Amino acid sequence: MVKNKNKTVFVLNGPNLNLLGARQPEIYGADTLKDIEKALKAQAKSLGLALEFRQSNHEGELVDWCQEAAREAAGVIINAGGYSHTSVAIRDALEALEIPVVEVHLSNIYAREDFRHTSLISAVAAATICGFGAQGYHFALEGLAGKLT
Ligand code: CA2
């Protein structure tokens, strides 16, 4: 149970993002997900916000967390990983939210394989940030904070 809904941002990370830093740094950067969490929590603190930072390899768990965000968060940042391109269920869960959603991708999905060019999430997000690596999470949090004030 998260304490202050108005000051809490859920940061949801999808499949394989737990592998960050270990492989393919030329695409995803050298930071681990733990590094990203630590830096983002410091930024959140300076903005007066609290983060729930989570990662799952399971579509249903990500759907559950979107539903939990509706009850407990003021906004959501999501990198749904490969599910961004396939998951109607995650898209539907995000569309049902009445709080702002910002989509993040580390890589520039439009400069990669064709199957990555479509994100089902983009149409239900307030904004999408891609191609800035881990910095994209910081831009997302800054932008989201602006929408919460
Ligand atoms: O660029 C992104 O952030 C992605 O959401 C990352 C996903 C990919 O499927 C999306 O198309 C774009 C992949 C998650 C990370 O996968 C890794 C696999 C091996 C080693 C490190 C990361």
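Treat the numbers as computed from the prediction; the structure is a model and nothing was measured. Numbers here are sequence positions counted from 1. Counting convention: from 1, in listed order, for ligands and their atoms alike.
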For Glu72 and Thr8, the nearest pair of non-hydrogen atoms, with its separation, is O-CB, 3.6 Å
Give the residue and atom name of whichever protein heavy atom lies nearest to atom 16 (O) of ligand 1, and the separation in Å to one decimal. Asn16 CB, 3.5 Å
Answer with side chain, backbone, both or neither: which part of Asn79 has a heavy atom less than 4.0 angstrom from an atom of ligand 1? side chain
Quick one: does Ile99's side chain get under 4.5 Å of Lys5's, heavy atoms only? yes
Looking only at heavy atoms of Pro15, does any of them come nearer than 4.0 Å to an atom of ligand 1? yes
Provide the number and element of each atom of ligand 1 under 4.0 Å from a heavy atom of Leu17. 14 (C), 15 (C)
For atom 8 (C) of ligand 1, which protein heavy atom lies nearest, and how many Å away is it? Arg116 NH1, 3.3 Å
So Phe132 and His138, do their side chains get closer than 4.5 Å, heavy atoms only? no
To check you understand the geometry: which heavy-atom pair defines the closest contact between Gly136 and Val104, and what is its length? O-CG2, 3.9 Å
Is there at least one pair of N or O atoms, one from Ile109 and one from ligand 1, spaced under 3.5 Å apart? no
By number and element, which atoms of ligand 1 are closer than 4.0 Å to a non-hydrogen atom of Leu19? 20 (C), 21 (C)
Taking 4.0 angstrom as the limit and counting only heavy atoms of Ser107, give me the atoms of ligand 1 inside it, by number and element. 1 (O), 2 (C), 12 (C)
Can you check whether Leu148 reaches Pro100 side chain to side chain, under 4.5 Å on heavy atoms? yes
Are Phe53 and Asn13 packed together at the side-chain level, in the sense that at least one heavy-atom pair is separated by less than 4.5 angstrom? yes
Looking at atom 2 (C) of ligand 1, what's its closest protein heavy atom, distance included? Leu106 N, 3.3 Å
Minimum side-chain heavy-atom gap Leu120-Val88 below 4.5 Å: yes
Run the numbers for me: atoms of ligand 1, each under 4.0 Å from some heavy atom of Gly82, listed by number. 9 (O)
Among non-hydrogen protein atoms, atom 10 (C) of ligand 1 lies closest to His85 NE2, 3.5 Å
Of the listed options (Glu103, Gln24, Arg23, His105), which comes nearest to atom 12 (C) of ligand 1 when hydrogens are ignored and any heavy atom counts? His105
Are Ile129 and Glu103 packed together at the side-chain level, in the sense that at least one heavy-atom pair is separated by less than 4.5 angstrom? no
May I ask you to identify the nearest protein heavy atom to atom 13 (C) of ligand 1, giving residue, atom name and distance to one decimal place in Å? Tyr28 OH, 3.4 Å
Non-hydrogen side-chain atoms of Ile36 and Leu17 separated by less than 4.5 Å: no
